[in-house]
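Have a look at the structure below, then the notes.
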Amino acid sequence: MPWLGGAVTRPLVLASASPARLQLLRRSGVEPVVRPSSVDERQVERRARETDPDLTPEALVGALARAKGEAVASSLDGREAADLVLACDSVLEVGAEVVGKPGSADLATTRWQSMRGGSGVLHTGHWLLDAETGRSVSEATSSRLRFADVSDDEIDAYVATGEPLHVAGGFTIDGFGAPFVEVVEGDPGTVIGLCLPALRRLLLALDVPWWSVADPSSPTPG
Ligand SMILES: Nc1nc2c(ncn2[C@@H]2O[C@H](COP(=O)(O)OP(=O)(O)OP(=O)(O)O)[C@@H](O)[C@H]2O)c(=O)[nH]1
């Protein structure tokens, strides 16, 4: 069995500042090197929409994940320059809108007032580069959500925690927002920010078995 005593042979660079993505990886036995990008996501989105006015949410998160991953990959040097680089991006499609992190209490409140009792789709793009070969692969995954018909008081209380301001769509399914998301159809990791089955598929597409990046003997509770 490759895992018994097997060491990680392909280090992974996580091109993300997301604590949730890091935690998902750590709990699955992957201890990445964290290298957040400084990509201007609004500029990437603007250019992507100029190129494709009918840009789908899946294509948007794909373009954003790729931009973040390429920016980090180009900055790697030394041994890291031969590592695997993973980047992600998440958006919520709700009604005719495609939204990211609210960034303000007012916008988080407005979003919840419009989406309560309704449904939406959380899309996460994944981009994986094998810097050793230069090959990259990508996949977007989507999970459908149904939101509780929360009261104004519940919205105010949730927004006051500050959590919804900094997460895609203004909610979490594993934090203070969990009571307000009634149903998740699809991979929960996709909602949180990283679909691990998609990462496995992308690694296989690059001929990298899962146990080359994960060491189950030392999962970090993280
Ligand atoms: N814990 C948790 N985080 C969530 C959830 N939904 C979205 N997020 C986070 O919301 C953020 C979405 O914004 P992104 O722009 O994709 O990522 P980011 O946090 O800005 O980090 P970068 O990858 O460096 O851009 C990510 O950090 C996700 O992990 C959830 O249900 N639970």
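In each ligand, atom 1 is the first atom listed, and ligand 1 is the first ligand listed.
In the candidate list Val191, Val184, Ile173, Thr124, Val191 is nearest to atom 5 (C) of ligand 1, counting heavy atoms. For atom 2 (C) of ligand 1, the nearest non-hydrogen atom from the set Leu145, Leu194, Leu24, Asp174 belongs to Asp174. Taking only non-hydrogen atoms, the option from Ser16, Ser90, Gly175, Gly125 nearest to atom 23 (O) of ligand 1 is Ser16.
Given atom 25 (O) of ligand 1, the protein heavy atom at minimum distance is Lys68 NZ, 2.7 Å. In this structure, the protein non-hydrogen atom closest to atom 24 (O) of ligand 1 is Ala17 N, 2.8 Å. Protein heavy atom in closest approach to atom 29 (O) of ligand 1: Ile192 O, 2.6 Å.
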Ring pair (Phe, Tyr, Trp, His ring centres under 6.0 Å) assessment of Phe180 paired with Phe171: CA-CA 8 Å; Phe180 311 129; Phe171 68 92; over 10 Å; no

Hey, mind stepping through Glu154 and Arg116 against salt bridge (charged side-chain N to carboxylate O under 4.0 Å, His left out) and telling me if it holds? CA-CA 11 Å; Glu154 287 175 307; Arg116 61 181 158 193; over 6 Å; no

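Summarising the geometry, atom CD1 belonging to Ile173 is positioned 9.0 Å from atom OG1 belonging to Thr190; distances are rounded to the nearest 0.5 Å.
Under a 4.0 Å heavy-atom criterion, Glu41 is in contact with ligand 1.
Between Ser90 and Arg21, the side chains place a donor N or O and an acceptor N or O closer than 3.5 Å (distance only, hydrogens not considered).
Between Arg201 and Thr141, some side-chain heavy-atom pair lies under the 4.5 Å cut-off.
Of all the heavy atoms of Pro36, none lies under 4.0 Å from any atom of ligand 1, so neither backbone nor side chain is involved.
Here's the thing with Ala168: one of its N/O atoms is less than 3.5 angstrom from an N/O atom of ligand 1.
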